[in-house]
2 protein chains.
Amino acid sequence: MTDKANDRKALEGAAGVLPGVEGLAIGKRRLLEAAVVAVAERGYHGVSVRDLASDTGVQAASFYAHFGSKEELLYELCLLGHREHHRCVRDAILGAGADAREQLRAAIRANIWFHATYPLLTISANSELHALNAEHLATIADLRHDAGTLLTAVVERGNSEGVFDCPEPWLPMSAVGGMCLRVAWWFRPAVAVDEGTLSAYPRQAATWLRPEDYTIERVMDTYADYALKIFGAA
Amino acid sequence: MTDKANDRKALEGAAGVLPGVEGLAIGKRRLLEAAVVAVAERGYHGVSVRDLASDTGVQAASFYAHFGSKEELLYELCLLGHREHHRCVRDAILGAGADAREQLRAAIRANIWFHATYPLLTISANSELHALNAEHLATIADLRHDAGTLLTAVVERGNSEGVFDCPEPWLPMSAVGGMCLRVAWWFRPAVAVDEGTLSAYPRQAATWLRPEDYTIERVMDTYADYALKIFGAA
DNA sequence: TACCGAGCCTAACGATCGTTAGCCAGTCCC
DNA sequence: GGGACTGGCTAACGATCGTTAGGCTCGGTA
């Protein structure tokens, strides 16, 4: 492979780690992709503008052609993460028919799918909110609140229809939410992993000792069963 | 209250956020306590040595009378967090009798208790491992591995005794581990919280919209029931 | 009494941080 | 053809970073 081809591959090494960036300018997209990799690994304050510029093959000053500040980039990452995640779960619920159990199962499956497919985005958008300014943090908090509303409605309807048995949904939802979220930290795909594809998963995922790697499908099914048990599904 | 009393209270504002620091020199202990508060809030790279020194009422250079480097302080925090957590869970299992279900229940309860009682330590010791050097990271990884061994043994014994039904324990353990770990991020006590006590919990815990705050006891019981369901307890 | 180390201090080192000013090569539209 | 816009560049700003040198003041100990 030529040096130039190597350079190009290095610059695009993070392609595919972010959903919903197809319409963006290529320079901005590359910065976002480099950022989600670096921030998930080292945290917001552990990543400098010069790091991102270097990963993208440009100078630090060029960063500011795309973002007004470093914090604004983090905000865009968080916005992207929460919006795409919410859309993913919402569409799954809406396409699941009228049975609350199937709606819950679809929601859990979509939740896991997103966290296992975009783990670096999940980690960045959930662990680095402290670095947002007050206004941006409030916007993200509103998004989080909205995302919870629909799932709460599914559970409450399931209760009144008699297919769930959890009079107080908050604790079971916290448990299910927690176990689904953590998938982003440990998941690594079982199939077709070359070095480039593995870079889309957190480095720590390699150190969680497990007997094997699992397919996304298997994790989705298994965790959905756990969730239905927790919600006391009939 | 006098100014001097105010100063003293500010310096000791983080007292009680760390277990197992009774024998340490007061200056070192204060630095560790200030560090766990700041690191859980802003991340390792978001906290400077001068920040910690300022919170402790000393100069930055005095930091190095207690720690060889900033990374070494993080290592001591991670060591403390993993050791105390492991001891807590281990003792609970050993004191639970011979029934695997009761051993599992005790382990989950102890796990939750630790995460809800020392949430800032839990967050720091689990989210900031990336900032450790290779040698220290390997030591912590060994500790994590050892901690998993005992619980795995409990589950496997429960399987062979016929009281659990989970032929492959890793996925259920990942689910239960995830939901218990996340308690550290959202838990806030329901009773007797003045401003000083609340500072022992992550700031974000206030933003997770919940209908009420729960007692530790209630979370422990509820989550233990979830865990037993997940492991297919007879 | 003399010493010694612990624990604090002031001052400063070089490196790196986020950000800005000012400039330049293309590309598009009128 | 000319002007505006886009997206890159070099160079530099002041602030802050982790860390060190060197000195002071104690309490304990030989």
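Proteins get letters first, then strands, A, B, ... in listed order; numbering begins at 1 in each.
Heavy-atom nearest nucleotides on DNA chain D were determined for A:A65 and for A:A60, and the one closer to the 5' end corresponds to A:A65.
Salt bridge annotation for B:E22-B:R29: absent, with no cationic side-chain nitrogen under 4.0 angstrom from a carboxylate oxygen. With respect to A:E212 and A:R218, a salt bridge is recorded, a charged nitrogen being found less than 4.0 Å from a carboxylate O.
Of all nucleotides listed (C:dT19, D:dG8, D:dT19), D:dG8 comes nearest to the side chain of A:H66. Candidate nucleotides D:dC9, D:dT20, D:dG7 were compared by shortest atom distance to the side chain of A:A61, and D:dC9 ranks first. In the set D:dC9, D:dG18, C:dC8, the nucleotide with an atom closest to the side chain of B:V58 is C:dC8. Of the listed nucleotides (C:dT20, D:dT19, D:dG7), C:dT20 has the atom at the smallest distance from the side chain of A:Y64.
Whole-Å rounding puts the A:R50 CZ to D:dA12 P distance at 13 Å. We find that NZ of A:K70 is positioned 12 Å from C1' of C:dT16, with the value rounded to whole Å. Atoms CD (A:Q59) and P (D:dC9) sit 5 Å apart, rounded to a whole Å. Between the NE2 atom of B:H45 and the P atom of C:dA15 there is a distance of 19 Å, given to the nearest Å. C:dT20 atom P lies 11 Å from atom CZ of A:F63, rounded to whole Å. B:Y44 places its OH atom 8 Å from the P atom of D:dG18, with the value rounded to the nearest Å. Taking atom CZ on A:R30 and atom P on D:dG7, their separation rounds to 13 Å, with Å as the unit. Atom pair B:F67:CZ and D:dT20:P shows a separation of 15 Å (rounding to whole Å applied).
In this structure the side chain of B:Q204 never reaches within 4.5 angstrom of the side chain of B:E41, judged on heavy atoms.
For A:A116 against A:Y201, the heavy-atom pair with the smallest separation is O-CE2, 3.2 Å. Between B:V219 and B:Y214, the shortest heavy-atom contact is CG2-CB, 3.8 Å.
The phosphate of C:dC9 (OP1 or OP2) has a side-chain N or O of B:S62 nearer than 4.0 angstrom. In this structure, B:S48 reaches the D:dC17 phosphate: one of its side-chain N or O atoms is under 4.0 Å from OP1 or OP2.
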